[in-house]
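Everything below concerns the one structure shown next.
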Amino acid sequence: MKHLRPALLLTLFFVVVTGIGFPVVVWAVGGAAFPNQAKGSLLKDAKGNVVGSSLLGQTFTKPEYFHPRPSAAGSGYDAANSSGTNLGPTSDKLVNGIKDDPATKDVDETYLGFKDLAKAYREENGLSPDAVIPADAATRSASGLDPHISPASAELQVARVAKARGLPADRVRQVLAANTAGRTFGIFGEPRVNVLELNLALDGLK
């Protein structure tokens with residue numbers, strides 16, 4: 001008992017402090033100092049409905065919306081299957097993709113390569129077949145859930161979005177500029193545009 005009692009008391013002490021006290025303090029401080037982040041950085045539409053998180057990208061396909069970069073997470077932006085392609089820069093599959101094998105009718109092996117994605121991007125945005133596009137327009141992110149695109153990729157989509165919404169292109173550019181974030185602390189990362197936040201801002205125009 002001489003050695004057992006201190007051991008049990010110390011175990012109970014650390015269980016209370018590290019297993020209960022510390023998590024409660026972190027939860028309380030996080031909720032008070034960073035309430036939005038602690039709740040998942042959720043975004044709401046004009047009606048107050050939660051439509052997503054600013055930390056996770058999602059698919060947009062309608063012409064009136066800015067589109068995100070391609071995704072390799074599941075069927076696209078599947079948060080339960082976060083993943084990159086794991087293909088190296090010399091991979092033929094990454095560059096040229098894979099066509100569906102007609103012999104396996106029940107399975108679609110189609111994989112869009114860089115060339116396919118670049119062609120689709122140029123066509124949907126009314127660009128010439130040899131137009132120079134930013135890398136993120138036709139490449140997948142490492143997580144498959146990147147919520148951002150580059151300002152250059154967003155700019156190439158302005159004409160399509162403006163036409164679909166019946167808005168002047170300059171008005172769409174104003175909203176784009178207002179939703180373009182600079183480098184973190186002015187030195188880290190690159191300027192970026194959160195696609196969901198930008199599309200919500202467009203939906204909120206009167």
Side-chain angles (χ1 to χ4, degrees), residues 52 56-173 175-177 179-181 189-203:
L56 299 174
Q58 56 182 269
T59 301
F60 287 93
T61 57
K62 293 182 178 180
E64 63 264 33
Y65 289 113
F66 282 87
H67 298 170
R69 66 188 302 177
S71 170
S75 58
Y77 288 97
D78 181 356
N81 290 284
S82 175
S83 174
T85 63
N86 291 329
L87 298 174
T90 59
S91 169
D92 182 70
K93 179 179 178 180
L94 179 69
V95 177
N96 298 307
I98 295 178
K99 305 301 180 183
D100 183 31
D101 184 358
T104 55
K105 297 181 179 180
D106 297 332
V107 181
D108 185 1
E109 297 92 354
T110 302
Y111 182 88
L112 298 179
F114 176 81
K115 291 182 178 179
D116 299 313
L117 295 170
K119 179 181 178 182
Y121 180 89
R122 292 184 177 105
E123 289 178 349
E124 73 177 5
N125 291 295
L127 305 176
S128 63
D130 58 349
V132 176
I133 61 175
D136 63 298
T139 57
R140 302 166 175 90
S141 67
S143 68
L145 304 175
D146 188 355
H148 301 101
I149 58 176
S150 66
S153 178
E155 173 61 32
L156 291 176
Q157 300 184 52
V158 166
R160 166 177 54 79
V161 173
K163 180 180 179 181
R165 289 179 176 267
L167 293 171
D170 287 343
R171 183 71 182 97
V172 175
R173 285 193 179 91
V175 180
L176 170 59
N179 286 273
T180 299
E190 295 292 333
R192 57 203 179 277
V193 179
N194 188 294
V195 178
L196 178 55
E197 291 180 351
L198 174 57
N199 287 332
L200 286 175
L202 287 170
D203 283 346

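Computed from a prediction, not measured in an experiment: that's the story for all the values here. Note that these values count all heavy atoms, side chains included, but never hydrogens, waters or copies made by symmetry.
Scanning for ring-ring contact (aromatic ring centres under 6.0 Å, His included) contacts around Phe60 gives Tyr65, with sequence neighbours left out. Under the salt bridge (Lys or Arg N to Asp or Glu O under 4.0 Å) criterion, Lys62 pairs with no residue at all, not counting sequence neighbours. With sequence neighbours excluded, the residues forming a side chain to side chain contact (heavy atoms under 4.5 Å, CB included) with Ala152 are Pro134, Ser150, listed by chain and number. Residues satisfying the side chain to side chain donor-acceptor pair (under 3.5 Å) criterion with Glu123, sequence neighbours excluded, are absent altogether. Residues meeting the side chain to side chain donor-acceptor pair (under 3.5 Å) test with Thr61, sequence neighbours left out: none. By the side chain to side chain donor-acceptor pair (under 3.5 Å) test, Thr110 is found to be paired with Asp108, residues two or more places apart in sequence or in another chain being considered. Not a single side chain to side chain contact (heavy atoms under 4.5 Å, CB included) links Ala142 to another residue, sequence neighbours left out. Taking the salt bridge (Lys or Arg N to Asp or Glu O under 4.0 Å) definition, one finds that Glu64 meets it with nothing, sequence neighbours left out. Applying the salt bridge (Lys or Arg N to Asp or Glu O under 4.0 Å) criterion to Asp146, with sequence neighbours excluded, gives Arg69.
Side-chain atoms of Ser143 never come within 3.5 Å of backbone atoms of Ser82 as a donor-acceptor pair (strictly under, hydrogens ignored). Side chain of Gln58 to backbone of Leu196: no donor-acceptor contact under 3.5 angstrom is found.
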Would Val95 and Lys115 count as a side chain to side chain contact (heavy atoms under 4.5 Å, CB included) here? Give the steps.
CA-CA 6 Å; Val95 177; Lys115 291 182 178 179; 3.8 Å; yes
Given side chain to side chain contact (heavy atoms under 4.5 Å, CB included), test Tyr111 with Leu87 step by step and report yes or no.
CA-CA 12 Å; Tyr111 182 88; Leu87 298 174; 3.7 Å; yes
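Between the CG atom of Leu156 and the CZ atom of Phe66 there is a distance of 10.5 Å, given to the nearest 0.5 Å. Rounding to the nearest 0.5 Å gives a distance of 10.0 Å between CD1 of Ile149 and NE2 of His67. From Arg192, atom CZ reaches atom OG1 of Thr180 across 10.5 Å, with rounding to the nearest 0.5 Å. In this structure, CG in Leu202 is found 7.5 Å from CG in Leu167, a value given to the nearest 0.5 Å.
Sequence neighbours left out, not one pair with a member in residues 132-142 passes salt bridge (charged side-chain N to carboxylate O under 4.0 Å, His left out). Here salt bridge (charged side-chain N to carboxylate O under 4.0 Å, His left out) pairs that include residues 147-169, with residues two or more places apart or in two chains, are Glu155-Arg173, Arg165-Asp203. Evaluation of the salt bridge (charged side-chain N to carboxylate O under 4.0 Å, His left out) test over residues 91-106, restricted to residues two or more places apart or in two chains, returns Lys99-Asp116.
By the 4.5 Å heavy-atom criterion applied to side chains, Ser153 and Tyr121 are counted as neighbours. Using a 4.5 Å heavy-atom threshold, the side chains of Tyr77 and Leu56 count as separate. With contacts defined as side-chain heavy-atom distances shorter than 4.5 Å, the pair Val175/Leu198 qualifies.
Considering every non-hydrogen atom in both Thr85 and Ala72, the closest pair reads CG2-CB, 3.8 Å. When all heavy atoms of Leu117 and Ala138 are compared, the pair lying nearest together is CD1-O, 3.5 Å. Residues Gly88 and Leu94 approach most closely at O-CD2, 3.4 Å, considering heavy atoms. Of all the heavy atoms in Val195 and Pro68, the pair that sits closest is CG2-CA, 4.1 Å.
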